[in-house]
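Structure first, then comments.
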Amino acid sequence: MLAIKKREEGRTEGRAQGRIDILLKLLRLEFGEPGPETVARVRAGSELKLDHWAERILTAGSLADVFA
């Protein structure tokens, strides 16, 4: 049972890291290299926030608009 729980936790962490990586890539492509504050904010974001910010990239006129 412990092995199954650890494996599931690993998958969850992997999905979260994937969301972070994709969001940072999208921000880089759309607005240039994000500063350390932005990177820290993205890394600390919840799964829900990461999804919300990724969606906002499509309509945001600036980096600030993504996080508004």
Side-chain angles (χ1 to χ4, degrees):
M1 293 300 260
L2 184 59
I4 293 171
K5 185 176 179 181
K6 291 282 185 185
R7 195 173 341 172
E8 188 170 317
E9 288 173 1
R11 287 184 186 138
T12 300
E13 289 174 16
R15 282 191 300 271
Q17 186 60 50
R19 278 186 164 87
I20 290 166
D21 292 345
I22 291 294
L23 181 55
L24 289 172
K25 182 177 183 174
L26 291 172
L27 290 171
R28 200 172 292 116
L29 289 169
E30 188 67 23
F31 304 111
E33 193 64 37
E37 313 84 32
T38 300
V39 173
R41 186 172 188 179
V42 168
R43 292 191 186 287
S46 68
E47 189 174 323
L48 186 63
K49 280 290 190 187
L50 294 170
D51 286 347
H52 179 73
W53 293 332
E55 290 171 1
R56 293 205 60 178
I57 289 172
L58 297 173
T59 58
S62 69
L63 182 61
D65 291 342
V66 173
F67 298 102

Kindly compute the distance separating CZ (R41) from CG (L23), expressed to the nearest 0.5 Å.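 CG of L23 is found 11.0 Å from CZ of R41.
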
Does E30 form a side chain to side chain contact (heavy atoms under 4.5 Å, CB included) with L63? I'd like the steps, not just the answer. CA-CA 9 Å; E30 188 67 23; L63 182 61; over 6 Å; no

Apply salt bridge (charged side-chain N to carboxylate O under 4.0 Å, His left out) to D21 and list each qualifying residue two or more places apart in sequence or on a separate chain.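 In terms of salt bridge (charged side-chain N to carboxylate O under 4.0 Å, His left out), with neighbours along the sequence ignored, D21 is linked to no residue.
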
Do side-chain atoms of D51 reach the backbone of L48 as a donor and acceptor pair under 3.5 angstrom?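 Looks like no, no N/O pair under 3.5 Å.
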
What is the minimum heavy-atom distance between [X] and [Y], and which atoms define it?
| X | Y | value |
| --- | --- | --- |
| V42 | L50 | O-CD2, 3.3 Å |
| D65 | R56 | O-NH2, 3.0 Å |
| R43 | I20 | NH1-CG2, 3.8 Å |

Output, in order, the C-alpha distance, side-chain angles, deciding distance and verdict of side chain to side chain contact (heavy atoms under 4.5 Å, CB included) for L27 and F67. CA-CA 11 Å; L27 290 171; F67 298 102; 4.0 Å; yes

Among V66, I57, L58, which one satisfies side chain to side chain contact (heavy atoms under 4.5 Å, CB included) with L26?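 Of V66, I57, L58, side chain to side chain contact (heavy atoms under 4.5 Å, CB included) with L26 is met by I57 alone.
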
Start with the C-alpha distance between H52 and E47, add both sets of side-chain angles, then the distance that settles side chain to side chain contact (heavy atoms under 4.5 Å, CB included), and finish with yes or no. CA-CA 9 Å; H52 179 73; E47 189 174 323; over 6 Å; no

